[in-house]
Amino acid sequence: MVQAALIAKGMVPDENHHHMLRKKIDGVTELVTRISHSSPDIRRDLATLMARQCALTTSEFWRLIECPLSEKDWNKLVKERCVDGRNPFIGR
């Protein structure tokens, strides 16, 4: 469910040792997250990590997955938050 929802919102699968998903937002950044092969369920701690990788809060992430948050609105949030291409949710 989560992987399919992220793909529907513009993420592209990049199979590696994990199910990698990437989304390039032109002029802003590239978002990268992954889903383990071993577990079909997303625990709360993993959802929080994935949300951060997607430049979202955990509640926004679940709204993205459940569809009230559109791809267009997600892109807008990322553009507002990722100044100079940096995701503020990831400490780099």
Side-chain angles (χ1 to χ4, degrees):
M1 175 179 123
V2 171
Q3 183 173 355
L6 291 173
I7 291 169
K9 300 288 175 89
M11 294 200 94
V12 177
D14 179 9
E15 293 300 321
N16 202 322
H17 62 286
H18 288 280
H19 296 293
M20 302 291 289
L21 297 167
R22 299 178 181 277
K23 180 177 177 80
K24 178 94 172 144
I25 299 178
D26 291 334
V28 182
T29 194
E30 180 178 30
L31 304 173
V32 180
T33 193
R34 62 182 164 209
I35 299 174
S36 175
H37 288 278
S38 62
S39 177
D41 297 324
I42 304 297
R43 297 180 324 270
R44 180 170 169 68
D45 58 333
L46 181 56
T48 297
L49 177 61
M50 292 176 70
R52 289 178 181 156
Q53 293 168 339
C54 293
L56 297 170
T57 65
T58 305
S59 62
E60 290 168 339
F61 177 77
W62 286 120
R63 286 181 42 233
L64 180 72
I65 300 306
E66 295 165 357
C67 290
L69 181 63
S70 70
E71 181 179 5
K72 181 180 175 182
D73 290 337
W74 180 24
N75 290 347
K76 182 180 175 188
L77 284 171
V78 171
K79 288 178 182 180
E80 290 170 359
R81 292 176 178 166
C82 295
V83 179
D84 298 327
R86 294 179 183 261
N87 182 339
F89 293 91
I90 299 175
R92 288 193 222 165

Can you check whether [X] reaches [Y] side chain to side chain, under 4.5 Å on heavy atoms?
| X | Y | answer |
| --- | --- | --- |
| V78 | E80 | no |
| E30 | I25 | no |
| C54 | W74 | yes |
| V2 | W62 | yes |
| L6 | I65 | yes |

Any donor-acceptor pair under 3.5 Å from D84 side chain to R86 backbone
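Between the backbone of R86 and the side chain of D84 there is no qualifying donor-acceptor contact (under 3.5 Å).
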Main-chain N/O of L69 paired with K9 side-chain donor or acceptor, under 3.5 Å
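Judged by distance alone, yes, a pair lies under 3.5 Å.
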Pair E60 + R81, salt bridge at N-O below 4.0 Å:
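Salt bridge flag = yes for R81 with E60.
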Do R43 and D45 meet the salt-bridge criterion of a basic N to acidic O distance under 4.0 Å?
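Here D45 pairs with R43 in a salt bridge, since their nearest N and O are under 4.0 Å apart.
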Would you mind listing every salt bridge (Lys or Arg N to Asp or Glu O under 4.0 Å) that reaches into residues 62-79, with sequence neighbours excluded?
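Qualifying pairs: K23-E71.
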Quick one: pull up CD1 in I42 and CD1 in I35 and give me the separation to the nearest 0.5 Å.
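The distance works out to 5.0 Å.
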So, taking the atom named NZ in K24 and the one named CG in D26, what distance separates them when rounded to the nearest 0.5 Å?
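So the NZ of K24 and the CG of D26 are separated by 7.0 Å.
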Passing candidate, side-chain contact (heavy atoms from CB on, under 4.5 Å) with N87, options V32, T29, L31:
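With N87 as partner, side-chain contact (heavy atoms from CB on, under 4.5 Å) holds for just one option, L31.
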Please tabulate, for side-chain N and O atoms in residues 46-53, each donor-acceptor pair with protein atoms closer than 3.5 Å (sequence neighbours left out).
residue: T48; atom: OG1; partner: R44; partner atom: O; Å: 3.1
residue: T48; atom: OG1; partner: T58; partner atom: OG1; Å: 3.0
residue: Q53; atom: OE1; partner: T33; partner atom: OG1; Å: 2.5

Determine whether L56 and V12 fall in the same hydrophobic cluster, where Ile, Leu, Val, Met, Phe, Trp and Tyr are linked whenever their side-chain heavy atoms lie under 4.5 Å apart.
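L56 does not cluster with V12.
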Co-membership, hydrophobic cluster, residues F89 and L77, 4.5 Å side-chain:
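Not linked; separate clusters.
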